[in-house]
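A quick note: this is a predicted structure, and the numbers were derived from the prediction, not measured. This chain uses plain numbering: 1 for the first residue, then up along the sequence. Values below: every heavy atom of this structure, side chains too, minus hydrogens, waters and symmetry copies. Read the numbers this way: they start at 1 and go in the same order the structure lists the ligands and their atoms.
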Amino acid sequence: MPAFPPRQLAKALAGLHPELFIVGPEDLEGRHPGEHPDNFKGGVMAQPATAAAAAALVAWCGEHGVAIVPQGGLTGLVGGNVSRPGEVILSSARLNRIIAIHADEMTVEVEAGVTLAALQQAIAAHGLMTGIDLGSRGSATIGGMVSTNAGGILAFRNGVMRHRVLGLEAVLPSGAVLSDLTRVVKVSAGPDLKHLPIGGEGAFGFVTKVVLKLDIQRPAKATAFIGVADAAAALAVIGHFRSLAGITLEAAEMMWPRYIRDHAALKGFDLSWLEDGAAALLIEVSAETVEAATAALEQGLESLWEPTGLQGGLIAQSLDQARKFWDLREDSGFYYANLPGAPSFDIAVPPTFLDAYVAGLSARLHAVGPGYDAYVYGHIADGNLHLTVIRPGPVREEELRAIEAAIYTGIAQAGGSFSAEHGVGLEKRHAYLTFGNPVKQALARTLKQAIDPNGIFNPAKVPF
Ligand SMILES: Cc1cc2nc3c(=O)[nH]c(=O)nc-3n(C[C@H](O)[C@H](O)[C@H](O)COP(=O)(O)OP(=O)(O)OC[C@H]3O[C@@H](n4cnc5c(N)ncnc54)[C@H](O)[C@@H]3O)c2cc1C
């Protein structure tokens with residue numbers, strides 16, 4: 001029995017601060033819980049409209065020993081938002097203001113609950129872009145992206161969220177507000193502690209505001225869908241377009257054969273131009289004009305055709321066609337209709353190790369059981385693969401451990417990571433303990449104990 005059952009907790013929190021809105025169990029019922037069905041199990045949601053209101057809630061929870069689960073857009077894929085009765089959901093839903101766009105210095109100050117799409121739209125009017133982009137842009141919030149250290153499509157060129165954050169404000173577990181809203185790239189003034197909540201998955205406090213570095217928008221783009229034999233061929237294509245003067249490589253996403261065949265069949269997308277057994281590489285470049293970008297793609301692919309053994313290709317003739325290419329990559333959850341709960345993973349290896357990894361993975365999965373295979377796709381230019389085992393879940397614990405061993409074996413030794421951009425949450429706890437670095441884990445535990453000695457922030461997720 002939780003110390004405060006949800007109804008009682010909602011009552012206790014009501015009136016705590018004039019800028020704190022409390023949503024009780026009745027009002028949460030029926031709301032879409034996002035990517036995990038148990039996100040709203042806590043039953044009580046606090047929505048502060050200011051950092052001061054969030055601080056009042058955190059201080060109260062500290063005094064009463066009530067755990068807090070921070071939530072943003074609920075698009076997280078590892079169960080980092082799951083809440084239990086007796087815990088308070090601390091939502092950034094009302095922290096939704098874009099405070100200031102400093103167009104001349106290419107920075108923006110934004111509250112944590114602003115969605116990526118809303119920010120993208122607001123800064124586009126200034127010819128600027130975020131320099132980071134995710135398929136979940138419509139719902140993912142800046143605070144959630146900070147807390148998961150999100151990566152996405154542009155990370156190979158612009159880095160991940162950690163590299164985009166200049167300043168940050170967060171309510172710490174003590175209830176104190178850490179306000180470090182610097183707007184400069186260079187800060188060499190002792191340890192840069194704003195990096196603790198970045199990728200901290202809500203365990204080090206509640207992010208309320210962020211200053212982000214922005215980039216110039218390059219809207220004149222051309223998109224191609226190309227057949228490649230393997231990652232080595234794809235990397236040769238990527239290398240070519242990265243080295244062209246006047247051209248920017250905007251995106252490079254790869255879909256291995258089984259993924260692209262099954263997804264195209266489902267969408268009715270004609271793949272007759274793609275040779276059997278080929279993988280698909282989606283590539284986007286920008287230039288001064290759309291014509292220049294298209295010409296660069298045409299000439300580049302022609303010159304690469306023989307040396308890299310390309311296995312078919314299409315250049316989008318319209319924005320609509322480009323969108324259809326992107327849908328094949330971004331609607332990546334297509335398999336869940338037939339494979340509900342299929343085990344899925346998000347790993348990174350150095351890009352030149354991708355072919356060896358994928359070949360080894362097939363062999364290791366076949367050893368787990370006959371017919372075992374995975375859908376493989378991802379952000380190839382930075383070596384980040386998403387993998388879904390072609391098997392409906394939930395799988396038995398023993399089988400899951402064998403699958404995890406097949407997926408994670410060799411990654412750390414190759415210089416990669418068992419979790420690339422989705423985090424640890426609930427679902428990668430075993431991987432964190434088994435495939436993570438024990439010295440790093442001990443250091444993380446020390447920091448967590450120092451900052452949150454009573455463990456009130458997002459307990460039972462990252463196993464400190
Ligand atoms: C279709 C789809 C495509 C995706 N593509 C990508 C991709 O390309 N790259 C990528 O990196 N991810 C991707 N994701 C995963 C997800 O969108 C990211 O993890 C995103 O950063 C989560 O943001 P959110 O606002 O939804 O956070 P939530 O899901 O609400 O929360 C995620 C975690 O952050 C914590 N948190 C949230 N807000 C705060 C806050 N204000 N303060 C402290 N902690 C907080 C939560 O406790 C939780 O642990 C994708 C997801 C989907 C559904």
Side-chain angles (χ1 to χ4, degrees), residues 33-36 39-40 42 45-48 51 54 58 67-83 87-96 110-119 132-156 159-162 164 168-173 178 196-210 251 253 326-327 329-334 336 344 346 348 377-379 382 384-386 419-428 457-462:
E35 289 293 322
H36 198 291
N39 283 344
F40 291 164
M45 180 186 277
Q47 299 179 337
V58 172
I68 294 169
V69 179
Q71 291 188 353
L74 304 170
T75 66
L77 297 172
V78 290
N81 288 315
V82 167
S83 62
E87 298 177 335
V88 179
I89 297 165
L90 179 49
S91 165
S92 61
R94 285 180 197 254
L95 293 167
N96 56 6
V110 67
E111 287 186 331
V114 170
T115 64
L116 176 60
L119 180 57
I132 191 155
D133 194 19
L134 322 176
S136 50
R137 58 186 77 77
S139 303
T141 62
I142 298 304
M145 289 171 62
V146 165
S147 305
T148 56
N149 192 23
I153 297 155
L154 303 172
F156 75 96
V160 294
M161 205 60 184
R162 183 178 304 289
R164 313 300 305 170
L168 181 143
E169 179 186 87
V171 180
L172 301 177
L178 170 72
L196 208 51
I198 303 177
E201 300 189 46
F204 292 101
F206 181 61
V207 177
T208 46
K209 246 180 238 158
V210 183
E253 298 286 316
W326 272 107
D327 284 347
R329 167 60 187 85
E330 289 194 330
D331 289 351
S332 52
F334 74 92
Y336 285 125
S344 62
D346 158 52
Y377 60 99
H379 312 293
D382 54 38
N384 175 195
L385 294 184
H386 301 309
S419 178
E421 57 177 13
H422 293 165
V424 174
L426 275 182
E427 288 171 14
K428 307 299 177 224
F457 262 88
N458 220 2
K461 310 290 172 29
V462 179

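The shortest contact between atom 19 (O) of ligand 1 and any protein heavy atom is with T148 OG1, 3.4 Å. Looking from atom 11 (O) of ligand 1 to the surrounding protein, the closest heavy atom is G151 N, 3.0 Å. With hydrogens left out, the protein atom closest to atom 48 (C) of ligand 1 is N81 OD1, 3.4 Å, a heavy atom. Looking only at heavy atoms of the protein, atom 12 (N) of ligand 1 is closest to H422 CD2, 3.7 Å.
In this structure, the side chains of D133 and L116 come closer than 4.5 Å at one or more pairs of heavy atoms. Contact of the K461 side chain with the V78 side chain is not registered, since no non-hydrogen atoms from C-beta on lie closer than 4.5 Å. Side chains of S419 and D346 form a contact here, defined as non-hydrogen atoms less than 4.5 Å apart. Looking at heavy atoms from C-beta onward, W326 lies in side-chain contact with I153 at the 4.5 angstrom threshold. Looking at M45 and S83, their side chains never come closer than 4.5 Å, going by heavy atoms from C-beta outward. Residues V210 and R164 are not in side-chain contact: their nearest non-hydrogen atoms beyond the backbone lie 4.5 Å or more apart. Two residues are said to be in side-chain contact when any heavy atoms from C-beta on lie closer than 4.5 Å; N81 and H36 fail this criterion. Contact annotation: the side chain of P33 never approaches that of L74 to less than 4.5 Å [non-hydrogen atoms, C-beta and beyond].
At a 3.5 angstrom cut-off on N or O pairs, G73 counts as close to ligand 1. Ligand 1 has an N or O atom lying under 3.5 Å from an N or O atom of S147, backbone or side chain. Looking at ligand 1, you won't find any N or O of I153 less than 3.5 Å from one of its N or O atoms. Checked against a 3.5 angstrom limit, the closest N/O atoms of T75 and ligand 1 fall inside it. By the 3.5 Å distance cut-off applied to N or O atoms, V69 is not counted among the residues near ligand 1. Between V207 and ligand 1, an N or O atom pair is found at a separation short of 3.5 Å. Geometrically, ligand 1 and D133 share no nitrogen or oxygen pair separated by less than 3.5 Å. Between A150 and ligand 1, a contact under 3.5 Å exists for no N or O pair.
In this structure, L74 counts as a contact residue of ligand 1, since one of its heavy atoms falls inside 4.0 Å of the ligand. Put simply, no part of G425 is less than 4.0 Å from ligand 1, judged by heavy atoms. Residue contact annotation: M161 has no non-hydrogen atom under 4.0 Å from ligand 1.
The part of L77 lying near ligand 1 is the side chain, judged by heavy-atom distances below 4.0 Å. In K461, neither the side chain nor the backbone holds a heavy atom less than 4.0 Å from any atom of ligand 1. At a heavy-atom cutoff of 4.0 Å, ligand 1 is contacted by the side chain of E35 but not by its backbone.
Remark: ligand 1 atoms within the under-4.0 Å shell around heavy atoms of G80 are 47 (O), 48 (C), 49 (O).
A donor-acceptor pair under 3.5 Å links the side-chain atoms of N458 to the main chain of G80, judged by distance alone. The backbone N or O of S139 sits nowhere less than 3.5 Å from a side-chain atom of S136 that would complete a donor-acceptor pair. Here the side chain of S92 pairs no donor or acceptor atom with the backbone of L95 at under 3.5 angstrom.
Comparing G34, G205, G72 against atom 37 (C) of ligand 1, the shortest heavy-atom distance belongs to G72. Comparing P70, G202, G143 by heavy-atom distance to atom 47 (O) of ligand 1, the nearest is P70. If you check each of S136, G152, S92, G378 against atom 52 (C) of ligand 1, the one with the closest non-hydrogen atom is S136.
Ring-plane geometry between H379 and H386 is classed as perpendicular, the angle between the planes exceeding 60 degrees on a 0 to 90 degree scale with a lower cut at 30.
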